[in-house]
Amino acid sequence: ADLARCRPCGNGVHFAPQQLSLQGTKVSINDLQAHTNYTFEIWAVNGVSKQSPSPDQSVSVTVTTNQAAPSTVTSIQAKDITRHTVSLVWQEPERPNGVILEYEVKYYEKDQNERSYRIVKTSSRNTDIKGLNPLTSYVFHVRARTAAGYGDF
């Protein structure tokens, strides 16, 4: 096989039984990234392939992996804080793992320790939280959702 044409998938991708010098016609490829295009080249090689004047026999197969739940939303920032309102902004998850459909903001008074919380849903990476109690500390968590489900808070 001409390894110069092959760009590795990365150390995290695993082939079973192996990637090269297969004896059979089946290989399993595991630990691929979600919502990613992969192109695999399959080469037919035997003991006399190098002596043949015809070009190497190969085929390319392109697949797209399914979406998965997104990674955690980090770096939530509070802007424009008033007595009863706060504006929150955040970044898209480092690994969206698909198309982000919505975000869910969970918040509660810090001394309530999640016993009583509220949820706000939004399709943008910001929202205004209204109706807060003055002089009260709040905890805010944000998670994203793809077609495969919600990520963690």
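On a predicted model such as this, the values are computed, not experimentally measured, just so you know.
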Could you tell me if the side chain of [Y] sits less than 4.5 Å from the side chain of [X], heavy atoms only?
| X | Y | value |
| --- | --- | --- |
| I100 | T146 | yes |
| Y38 | Q33 | yes |
| E41 | S58 | no |

Measure across [X] and [Y] and return the closest heavy-atom pair with its distance rounded to 0.1 Å.
| X | Y | result |
| --- | --- | --- |
| S71 | N97 | N-ND2, 4.2 Å |
| V120 | T127 | CG1-OG1, 3.9 Å |
| A144 | P70 | O-CG, 3.4 Å |
| P17 | K26 | CD-O, 3.9 Å |

No-hydrogen, no-angle side-chain donor-acceptor test under 3.5 Å, D31 and H14:
yes
Do T74 and T72 have a side chain donor and acceptor closer than 3.5 Å?
no
Looking at Y150, does the NZ or CZ of R143 lie under 6.0 angstrom from its six-membered ring centre and within 45 degrees of the ring axis?
yes
Step through the shown structure and confirm whether more than 12 heavy atoms of other residues, nucleotides or ligands are within 6.0 Å of CZ on R83.
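Not buried by this count: 12 neighbours or fewer within 6.0 Å.
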Between CZ on residue R118 and CG on residue L132, distance to nearest 0.5 Å:
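So the CZ of R118 and the CG of L132 are separated by 7.5 Å.
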Side chain to side chain contact (heavy atoms under 4.5 Å, CB included) partner of F40, chosen from V27, T62, V59, I29
I29
